[in-house]
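Reviewing the structure listed below.
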Amino acid sequence: MESAEILNQRLKPFIASKHAGTIGKTFSFVSSDNHHVLIKALKKAEETDEYVVRVYETGGEKPQRATLTFAGRILSASEADGTEKTLGNAGFSGNQLQVSISPYFVKTYKVRLQPSATAVNELKQTSLPLRFDRKCASYNAFRGEGDFESGYSFAAELLPSVLTTDRVVFCLGEKETANGMTCRGDTLQLPAGYNRLYLLATSTEGDNQADFRIGKQTATFIVPSYTGFIGQWGHTGHTEGYLEEAEIAFVGTHRHAADGDRPYEFTYMFKFGMDIPKGATSVILPCNEKVVLFAATLTQESEPAIIPAAALFRTANRGNATTIAGSGQITGSNLLKSTRIIACSGFTNADERPEFMVDGDLETKWCDVSQTPNYVDFDLGEAQALKGWKMVNAGHESSSYITSACFLQGKAVPGDEWTTLDVIDGNHANVIARPLHSEGKVRYLRLLVTRPTQSVGGRDTRIYELEVY
């Protein structure tokens with residue numbers, strides 16, 4: 001099926017199962033009775049409740065007249081220019097608009113239609129109680145009270161008490177107390193009389209896979225990060241292009257840290273929906289503590305399910321799908337686990353040596369409080385091409401302990417100068433996961449920490465894990 005162009009948008013085709021319907025076998029919002037007068041565009045007006053329709057003449061031989069027939073009765077009509085400014089009245093009767101147009105001309109009209117008498121069926125729905133265990137939001141005066149991830153929290157001033165998206169109503173928890181439920185494999189009981197379950201969720205530490213077992217079925221989703229980018233352009237040799245496909249239900253303009261706002265560090269919540277199989281009485285949540293639920297709603301939907309018949313997103317990104325790799329997370333075996341540490345700037349004690357930064361244990365760390373910059377040098381044993389790296393900071397101790405700036409450097413032989421493979425600057429994320437696009441191979445690696453804390457002049461380097469792939 002070809003999709004039709006409407007202004008700068010594309011009609012998205014969907015496939016529905018066979019059903020009786022309410023508007024007959026065919027339906028047209030607007031049509032023209034003259035094949036020389038084509039409807040080029042149809043859209044809502046920018047500043048009014050009118051519809052804008054744009055037509056053009058294709059014959060090129062003589063002026064044309066046409067009747068545009070709308071699905072509803074016309075209450076008012078006017079001719080307009082390309083900016084939707086009214087130029088004068090237009091003739092209409094009932095649901096028909098009279099059009100006259102010169103050869104090869106384009107004309108724009110605005111029409112106001114009588115509201116439909118057909119009411120949208122009210123959706124039967126109810127909130128499913130959640131066992132909140134996480135204080136995810138904080139108010140301006142008490143920014144340090146929230147701890148959604150590593151001392152950061154949602155701005156409570158921005159959160160609604162009720163959020164509606166596509167007729168589904170989510171009732172959020174109280175902003176002054178715990179208002180998020182960590183997914184630890186809990187079981188939620190489902191009352192009878194509903195066939196869909198919708199969840200409002202997001203993730204810490206990047207994108208995460210979440211498997212919800214409902215009856216004998218499993219619904220699998222990629223739950224994107226609560227902050228960061230929801231898409232980016234691909235720049236050859238620098239960034240991988242991707243676009244999150246999860247449905248965004250909430251956007252916050254900033255997040256909170258104990259020491260103040262983080263402006264333009266956007267926060268997100270996403271909507272996910274799944275069918276409830278006949279006879280299912282419970283849903284088992286994922287065993288993934290990085291996935292957090294904010295609300296759950298049960299619905300009874302009589303409308304037939306629809307599925308996309310074409311790509312919903314139109315970009316040049318290959319695959320154009322949400323994946324964990326697409327969010328910057330790298331998978332594979334950590335090359336540093338079998339490396340030899342050949343130099344370091346220091347460590348505070350025997351239990352916080354740099355070896356503990358590459359042992360795969362998130363309970364141990366490298367800590368160095370000597371004069372910055374702090375560094376650790378590794379020998380990979382042989383020259384290798386690197387694809388990415390990951391670093392886990394000490395944000396769970398305090399958001400102020402998150403590394404603000406560092407360099408990952410490499411060289412092939414001992415006598416070479418260090419070459420910068422990647423730079424982190426102005427970082428506020430506790431977990432950093434980034435691809436590497438450097439050419440050539442390196443045998444020796446250096447992690448060089450230049451600003452170990454969020455505050456200027458801080459000297460405490462605390463890194464729990466460093467991985468290279």
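Excluded from the calculations below are hydrogen atoms, water molecules and symmetry mates; all remaining heavy atoms, backbone and side chain alike, are included.
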Kindly indicate, with the supporting measurements, whether the criterion salt bridge (Lys or Arg N to Asp or Glu O under 4.0 Å) is fulfilled by Lys271 and Asp166. CA-CA 10 Å; Lys271 172 190 169 190; Asp166 290 340; 3.8 Å; yes
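Between the side chain of Asn208 and the main chain of Thr204, a donor-acceptor pair closer than 3.5 Å is present. Here the side chain of Thr48 pairs a donor or acceptor atom with the backbone of Glu50 at under 3.5 angstrom. In this structure, the side chain of Thr165 does not engage the main chain of Ala249 through any donor-acceptor pair within 3.5 Å. The backbone N or O of Ser138 sits less than 3.5 Å from a side-chain atom of His256, completing a donor-acceptor pair. Of the possible donor and acceptor atoms, one in the side chain of Asn393 sits under 3.5 Å from a partner among the backbone N and O of Asn430. Between the side chain of Thr372 and the backbone N or O of Asn374, no donor-acceptor pair lies under 3.5 Å. No donor-acceptor distance shorter than 3.5 angstrom exists from the side chain of Ser282 to the backbone of Gln189, with no hydrogens or angles considered.
Nearest heavy-atom pair, Leu172 versus Pro160, reported as atom, atom and distance to 0.1 Å: CD2-O, 3.7 Å. Scanning all heavy atoms of the two residues, the minimum distance from Phe170 to Ala296 falls at CD2-N, 4.4 Å. Contact detail for Phe356 and Ala350: the closest heavy-atom pair is CE1-O, 3.3 Å.
Here the two rings, on His396 and Tyr464, have centers that are under 6.0 Å apart. Aromatic ring centres of Phe294 and Phe154 lie closer together than 6.0 Å. Tyr375 has its ring centre no less than 6.0 Å from the ring centre of Phe407. Ring pair Phe221/Phe272: centre-to-centre distance below 6.0 Å.
Under 3.5 Å, the side chains of Asn427 and Ser404 contain no donor-acceptor pair of N or O atoms. No side-chain N or O of Lys135 forms a donor-acceptor pair with one of Ser153 less than 3.5 Å apart. No side-chain donor from either of Ser225 and Thr227 sits under 3.5 Å from a side-chain acceptor of the other.
Pairs of residues two or more places apart, or lying in two chains, that qualify as salt bridge (Lys or Arg N to Asp or Glu O under 4.0 Å) and include a residue from residues 394-410 are Lys365-Glu397, Glu397-Arg462.
The aromatic rings of Phe266 and Tyr268 sit parallel to each other, their planes meeting at less than 30°, with 60° as the upper class boundary. Taking the six-membered ring for Trp and thresholds of 30 and 60 degrees, Tyr152 and His428 have ring planes more than 60 degrees apart, a perpendicular arrangement.
With Asp379 as reference, Arg340 is the one residue of Lys411, Arg340, Arg446 to meet the salt bridge (Lys or Arg N to Asp or Glu O under 4.0 Å) rule.
Side-chain contact between Glu205 and Glu149: present, with at least one pair of heavy atoms (C-beta onward) separated by less than 4.5 Å. When side chains are defined from C-beta on, Asp211 counts as touching Thr220, because their heavy atoms get closer than 4.5 Å. Leu445 is listed as a side-chain neighbour of Leu386, based on a closest heavy-atom distance under 4.5 Å. With a 4.5 Å cut-off on side-chain heavy atoms, Met391 and Thr403 count as touching. Between Leu380 and Ser338 the shortest side-chain heavy-atom distance does not fall below 4.5 Å.
Cation-pi contact between Lys44 and Tyr51: present, with separation from the ring centre below 6.0 Å and deviation from the ring axis of at most 45°.
Of the charged side-chain nitrogens involved, none lies within less than 4.0 Å of a carboxylate oxygen, so that Arg54 and Glu84 do not count as a salt-bridged pair. Contact check on Arg255 versus Asp261 returns no salt bridge, with no Lys/Arg side-chain nitrogen under 4.0 Å from an Asp/Glu carboxylate oxygen. Residues Arg134 and Asp147 are not paired through a salt bridge, judged by the lack of any N-O separation under 4.0 Å between the basic side chain and the carboxylate. One finds no salt bridge joining Arg459 and Asp368 here, because no Lys/Arg side-chain nitrogen approaches an Asp/Glu carboxylate oxygen to under 4.0 Å.
At most 12 heavy atoms of other shown residues, nucleotides or ligands fall within 6.0 angstrom of atom CD in Glu174.
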Using distance only, find each side-chain donor-acceptor pair of residues 193-201 under 3.5 Å and give its atom names and separation, not counting sequence neighbours.
| residue | atom | partner | partner atom | Å |
| --- | --- | --- | --- | --- |
| Asn195 | OD1 | Glu301 | N | 3.0 |
| Asn195 | ND2 | Glu301 | O | 2.9 |
| Arg196 | NE | Tyr198 | OH | 3.4 |
| Arg196 | NH1 | Asp275 | OD1 | 2.9 |
| Tyr198 | OH | Glu301 | OE2 | 2.7 |

